[in-house]
Protein chains: 2
Amino acid sequence: MPTKTYHIGVEATMEIIGGKWKSIILCHLRHQTMRTGELARAIPQISQKMLTQQLRELEAANIVARHVYKQVPPKVEYALTDYGESLSGILHELCVWGEDNIDRREAAGEEITLLSRDDV
Amino acid sequence: MPTKTYHIGVEATMEIIGGKWKSIILCHLRHQTMRTGELARAIPQISQKMLTQQLRELEAANIVARHVYKQVPPKVEYALTDYGESLSGILHELCVWGEDNIDRREAAGEEITLLSRDDV
DNA sequence: TGCCCTACCCACCAAAAGGTAACTATTAGA
DNA sequence: TCTAATAGTTACCTTTTGGTGGGTAGGGCA
């Protein structure tokens, strides 16, 4: 297998939390363990396919853990792993910076809305 | 104009620093003002097109400032704006987390290389 | 029997992101 | 006159990412 090469640390980070959905999913899991359906409701714009796909990738990177209950109908919970928790501070800052960015753009006259803020 | 809607702060942040190149560019500009050619040499994998395109978008978001010297051959410098500096801490953490991630993966036996670490 | 529930998989398509290569402009200087 | 130097653009193509709509499993329950 050819050696994977990075030029700068941030490349690796973005490979893990980059893309349209991963950081959003992680921001939700940061506060609580959630079931698949809960995540889907918390992120209404995401499709089923993307949700599971992104969760699989986060699982492969050891950022989230998947816990399957042996029940019918199925029950599956997702939570940050201990390693995933090491992203918590960064995720929070990314949320807060974005909130401020939206505030600024709104103050500058842009038509823009933020539906919910990162409490905590 | 339809109102732009975000559900969570991190969405806005990722729209600005997301993608394959923006965070890398910003991590370089974090330490110093740089000319176009310097950036291209610091990020050898990027194409001319992507470099200017991403810099234009960062400029539009008021994250980087472009300074054109009236010379021939042209000289153009890019630097973080004051507002862009507000990302500096986050960028640093993204770099450091990525470095640690690479270390772990290497320790786990993965063939992986990091060419340069975020000093400072 | 037949339908509900939840998670999730697949085939197929559309859109966005990114890559390549060739081209421009302008002036100093050989 | 011709070339080097730097930043940038454009057309065209490939790859990646994301969306849609369908289908599966299997126990509970009317």
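Basis for what follows: all heavy atoms, side chains included, without hydrogens, waters or symmetry-related copies. Computed from a predicted structure; not experimentally measured. Order of the sequence lines sets the chain letters (A, B, ...), proteins ahead of strands, with each chain counted from 1.
Here the side chain of B:M50 is nearest to one of C:dA7, C:dG19, C:dC9, namely C:dG19.
Note: NE2 (A:H67) to P (C:dT6) measures 19 Å, nearest angstrom. A straight line from NZ of A:K75 to P of D:dG28 spans 17 Å, rounded to a whole angstrom. As rounded to whole Å, 18 Å separates atom C1' of D:dT17 from atom CZ of A:R56. Rounding to whole angstrom units, CD of residue B:Q54 and P of C:dA16 are separated by 16 Å. Rounding to whole angstrom units, CD of residue B:Q48 and P of D:dA5 are separated by 15 Å. Residue B:K70 contributes atom NZ, which lies 16 Å from atom P of D:dA7 at whole-angstrom precision. The distance between atom CD of B:Q53 and atom P of D:dC12, rounded to the nearest whole Å, is 17 Å. Following rounding to the nearest Å, B:E57 (CD) and C:dA16 (P) show an atom-to-atom distance of 13 Å.
At distances below 3.5 Å, at least one donor-acceptor pair connects side-chain atoms of B:T13 with backbone N or O atoms of A:L94.
Residue A:Q71 is out of contact with every strand shown, counting any heavy-atom pair closer than 4.0 Å. No contact: A:Y69 has no heavy atom under 4.0 Å from any strand. Residue contacts shown for B:S47 include a base, since a base heavy atom lies under 4.0 Å away.
Of the two residues contacting DNA chain D, namely A:I46 and A:P74, the nearest-nucleotide position lying further toward the 5' end is that of A:I46.
Contact between the side-chain N/O atoms of A:R66 and the OP1/OP2 oxygens of C:dA7 is not found at any separation under 4.0 Å. For the pair A:T52 and C:dA7, the criterion of a side-chain N or O lying under 4.0 Å from OP1 or OP2 is not met. B:R35 has a side-chain polar atom (N or O) that falls below the 4.0 Å cut-off from OP1 or OP2 of D:dA7. For C:dA7, neither phosphate oxygen OP1 nor OP2 lies less than 4.0 angstrom from any side-chain nitrogen or oxygen of A:Y78. One finds a side-chain N or O of B:K20 lying less than 4.0 angstrom from the OP1 or OP2 phosphate oxygen of C:dG19.
There is no side-chain donor-acceptor pair under 3.5 Å between A:Y6 and B:E99.
Between the CD1 atom in B:I46 and the CG atom in B:L51 there is a gap of 4.5 Å [rounded to 0.5 Å].
Comment: A:K4 engages A:E15 in a salt bridge, judged by a side-chain N to carboxylate O separation of less than 4.0 angstrom. Between B:R117 and B:D103 a salt bridge is recorded (basic side-chain N to carboxylate O distance below 4.0 Å).
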